[in-house]
Amino acid sequence: MAVAKLKQIPRKGPLGFAAKVGIAIVLGLSFAVVWSTLSPTSTEEEVATNRNSFEGEILEPESKLPPGRKERNKEKDASLERIKSNMTVAVSKPEEEKLKGNGTEVKVNEEREEEDKKEEEGEGENKEEQAEIKEGDAQILEETKDENENPIEEDVNTNPQGDEDDGGETDNNRKSQNKKNKKVGPLFDPSAQYHWKQCGMKSGHNYIPCWDFESDAHQRHHERSCPHTPVMCLVSLPKGYREPLPWPERESKIWYGNVVHPKLSSFAKSHSWLKISGDHLEFPKEQSEFKGGANQYLDFIEEVVPDLEWGKNIRVVLDIGCIGASFSATLLEKSVLVVTLALANDQTDLAQVALERGMPAILGSLGSRRLPFPSGVFDVIHCGDCNIAWHHDGGKLLLEMNRILRPGGYFISSTTHGDVETEQGMRKLLASISWLILAHKTNDESEMGVRVYQRPASNDIFTLRRSKNPPFCKEDEKPDIAWYTPINTCLHRVPAAIEERGSDWPAEWPNRLFTYPDWLGDLQGRLHADQDHWKAVVEKSYLNGLGIDWSTIRNVMDMKAVYGGFAAALASQKVWVMNVVPVHAPNTLPIIFERGLFGVYHDWCEPFSTYPRSYDLLHADHLFSRLKNRCKHPIVIVVEMDRILRPGGWAIIRDKVEIVNPLESILKSLNWEIRMTYGKDKEGIIVAQKTTWRP
């Protein structure tokens with residue numbers, strides 16, 4: 001009976017859908033409560049909240065200080081309190097992604113947040129140091145917004161090296177990839193804080209990451225070779241570092257302690273054109289690395305080749321090797337721009353001395369790779385007291401000079417001694433590439449044999465070649481590809497068609513700066529627009545509205561140059577500008593040279609080839625936003641800016657607000673002084689000044 005009764009009990013049906021959902025919700029909430037209680041790290045939602053706290057920090061100004069500073073401080077304090085309440089340990093990242101290069105770790109902690117809070121509270125006490133912001137900045141940012149939405153350089157032939165990561169993708173694939181790239185998170189994590197350490201390399205305050213051996217301060221790579229791990233350490237300062245003297249005083253006198261070098265003292269004792277006088281390293285006007293003086297040396301060259309016309313026909317010169325800077329300084333008086341290629345095997349680092357004096361220089365080598373310049377851009381290439389064996393290895397190095405020398409341009413070499421083997425080798429090589437020998441004379445005063453050669457201005461002369469070696473480069477050979485590109489032992493033909501760059505010599509200086517040749521075609525209008533844009537920005541804001549004392553500015557770098565408009569707008573100032581065209585950007589560097597300016601190709605995911613503290617001002621216009629999908633660790637760009645900018649130097653950064661806001665916190669972690677921040681719509685600008693602080 002019991003069994004029978006049991007069978008009579010009705011069986012319950014399966015649980016309904018609503019009941020199952022209810023149970024799932026209860027279990028999920030229970031799990032969330034337990035997880036939030038036990039987990040010590042910030043959740044993604046909390047990090048997102050922290051990022052949102054940066055919104056509105058760049059406000060539209062009404063007077064010398066961005067208004068609403070007190071309100072901004074209150075909002076930031078409240079935001080910081082929220083961050084503290086949510087945070088107990090560093091933001092966790094995969095081990096391989098954590099930036100610990102050279103002993104530096106990127107993390108968030110309560111101590112740094114407290115420091116940031118104190119910095120914000122102290123801003124109100126330094127109002128007199130803030131730069132004046134002109135009302136015209138709003139219009140300037142509006143122009144920047146329009147330019148960024150419709151980039152004026154979009155139709156320029158892209159530097160092929162910039163596609164090195166594309167793996168031969170088609171345009172459709174690349175567009176598809178760009179759509180995917182838009183989903184990438186912020187360039188800088190606004191919740192991260194940075195704790196810095198000094199570099200421990202033996203080269204110390206002269207550390208050049210892609211050239212110096214980390215284990216030996218006295219050795220350098222024969223060619224550029226960058227560290228495998230990100231450089232996240234800060235280069236130390238020389239003991240007793242002082243800001244450079246204002247121009248033009250620094251041309252003839254610099255602080256010896258700023259460029260102190262183990263071998264510089266003995267070098268100065270054996271050369272009369274530089275001397276140590278107390279705390280200074282002086283360069284007497286009447287002395288030069290050329291016996292008889294640089295003026296006499298240059299006058300002799302112009303005498304044997306009258307067509308040179310320094311400062312008119314000749315504007316942009318490459319000087320191979322760096323003995324001293326009197327060659328550059330003397331030509332500067334003749335309105336000639338000389339950029340020195342300091343060779344990596346220079347154990348005295350005289351190029352660093354030249355940069356401290358305010359003369360353009362970069363570090364490089366003559367080896368198996370092309371130099372970071374476009375083809376056919378230098379009016380003159382000079383090699384003084386030259387001991388380079390140009391005729392060796394099939395004349396490979398001279399063929400590289402042929403690539404970067406303008407058709408009809410001049411190659412000048414001088415030596416204090418020669419030998420029969422070199423003379424015969426050079427004569428044979430020159431005949432094989434059809435260079436003209438314009439002069440081969442000895443200058444009695446300098447006691448140097450001076451040789452002046454000229455690259456052919458047309459292809460007609462090549463028909464007279466007895467030997468077909470070296471062969472002509474293939475038609476698909478792209479002479480402007482120069483980043484980590486091997487030198488090809490082939491001869492580039494001279495552009496012949498009128499629509500080709502290099503088929504005609506540029507206008508005389510200074511008309512050259514604003515004369516746009518016919519081969520530019522439709523780009524002429526864009527150059528005009530670019531020039532008008534930067535002229536307005538520089539005149540309305542940069543020169544008078546940022547608080548920069550331009551008498552202390554000499555060495556300037558435009559980290560993402562397009563057509564050289566920024567450099568051209570500064571032509572009336574006593575400065576020179578290194579125009580850097582990123583390798584991933586459109587190839588506009590030949591246009592910059594055509595205007596009588598100069599620059600180099602560079603990949604900002606790697607350190608720049610220069611000495612620490614080389615520049616007085618860095619300008620970055622939408623550099624970071626263009627590198628968002630290229631550099632694995634974009635923070636290394638900021639570290640490199642800290643390395644190449646001198647203490648007291650300035651940085652002007654224009655970019656999207658979502659990048660400028662966290663960038664401000666990064667610069668503060670480096671103890672840079674934030675002189676101005678301003679934003680409108682989605683565009684922002686930050687002006688900062690580096691201090692002498694080192695960790």
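When a residue number appears, it is its place in the shown sequence, counting from 1.
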Between [Y] and [X], is there a side-chain donor-acceptor contact under 3.5 Å, judged purely by atom types and distance?
| X | Y | result |
| --- | --- | --- |
| His622 | Asp655 | no |
| Trp211 | Ser609 | yes |
| Gln531 | Arg526 | no |
| Asn313 | Trp509 | no |

Would you say that [X] contacts [Y] through its side chain, given a criterion of any heavy-atom pair below 4.5 Å between the two side chains?
| X | Y | value |
| --- | --- | --- |
| Tyr601 | Asp480 | yes |
| Glu683 | Lys656 | yes |
| Trp534 | Val537 | yes |
| Val660 | Ile685 | no |
| His633 | Val639 | no |
| Leu308 | Tyr410 | yes |
| Asp642 | Leu645 | no |
| Phe327 | Leu298 | yes |

Fill in: Leu570 and its side chain to side chain contact (heavy atoms under 4.5 Å, CB included) partner, picked from Ile553, Asp558, Leu617, Val575
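Among Ile553, Asp558, Leu617, Val575, the one that satisfies the side chain to side chain contact (heavy atoms under 4.5 Å, CB included) with Leu570 is Val575.
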
Check the pair Lys474, Glu477 against salt bridge (Lys or Arg N to Asp or Glu O under 4.0 Å), reporting the backbone distance first and the verdict last.
CA-CA 5 Å; Lys474 297 178 180 179; Glu477 169 82 15; over 6 Å; no

Centres of the [X] and [Y] rings: under 6.0 Å?
| X | Y | answer |
| --- | --- | --- |
| Phe411 | Trp390 | yes |
| Phe593 | Phe378 | yes |
| Tyr516 | His528 | yes |
| Trp483 | His602 | yes |

Between [atom1] on residue [X] and [atom2] on residue [Y], distance to nearest 0.5 Å:
| X | Y | atom1 | atom2 | answer |
| --- | --- | --- | --- | --- |
| Asp616 | Trp247 | CG | CH2 | 11.0 Å |
| Ile591 | Gln524 | CD1 | CD | 10.5 Å |
| Met557 | Asn555 | CE | CG | 10.0 Å |
| Ile362 | Thr610 | CD1 | OG1 | 8.5 Å |
| Arg501 | Ser375 | CZ | OG | 4.5 Å |
| Ile404 | His492 | CD1 | NE2 | 11.0 Å |

Are more than 12 heavy atoms from other residues, nucleotides or ligands located less than 6.0 Å from atom [atom1] of [X]?
| X | atom1 | value |
| --- | --- | --- |
| Leu464 | CG | yes |
| Lys312 | NZ | no |
| Asp522 | CG | no |

Salt bridge (Lys or Arg N to Asp or Glu O under 4.0 Å): which pairs involve residues 510-519, sequence neighbours left out?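 As it turns out, the salt bridge (Lys or Arg N to Asp or Glu O under 4.0 Å) pairs with a partner in residues 510-519, which skip direct neighbours, are Asp379-Arg512.
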
Residue pairs passing the salt bridge (Lys or Arg N to Asp or Glu O under 4.0 Å) test with at least one member in residues 564-574, sequence neighbours excluded, are none

Residue pair Phe598, Phe373: steps toward the ring pair (Phe, Tyr, Trp, His ring centres under 6.0 Å) verdict: CA-CA 9 Å; Phe598 63 83; Phe373 305 114; 8.9 Å; no

message = Cation-pi check for Trp505 against Arg406: NZ or CZ below 6.0 Å from the six-membered ring centre and within 45 degrees of the axis, yes or no?
response =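 Yes, a cation-pi geometry.
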
Does any pair with a residue in [range] pass disulfide bond (SG atoms under 2.5 Å apart), and if so which ones, sequence neighbours excluded?
| range | result |
| --- | --- |
| residues 519-593 | none |
| residues 505-600 | none |
| residues 484-543 | Cys473-Cys490 |

Open item on the list: By the definition salt bridge (Lys or Arg N to Asp or Glu O under 4.0 Å), identify the one residue from Arg654, Arg626, Lys560 that meets it with Asp621.
Closed with: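 Answer to the salt bridge (Lys or Arg N to Asp or Glu O under 4.0 Å) test with Asp621 among Arg654, Arg626, Lys560: Arg654.
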
Q.
Below 30° counts as parallel, above 60° as perpendicular, anything between as tilted: where do the rings of Phe566 and His619 land?
A.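 Judged by the thresholds at 30° and 60°, the geometry between Phe566 and His619 is parallel.
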
Applying ring pair (Phe, Tyr, Trp, His ring centres under 6.0 Å), run through Tyr615 and Trp650 and close with a yes or a no. CA-CA 9 Å; Tyr615 288 90; Trp650 294 74; over 10 Å; no

### Query
Quick one: side-chain hydrogen bond (donor to acceptor under 3.5 Å, both in side chains) partners of Arg403, sequence neighbours excluded?
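With sequence neighbours excluded, Arg403 shows a side-chain hydrogen bond (donor to acceptor under 3.5 Å, both in side chains) to Glu400, given in chain and number order.
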
Which of Arg224, Arg369, Arg370 passes side-chain hydrogen bond (donor to acceptor under 3.5 Å, both in side chains) with Tyr484? Answer is Arg224

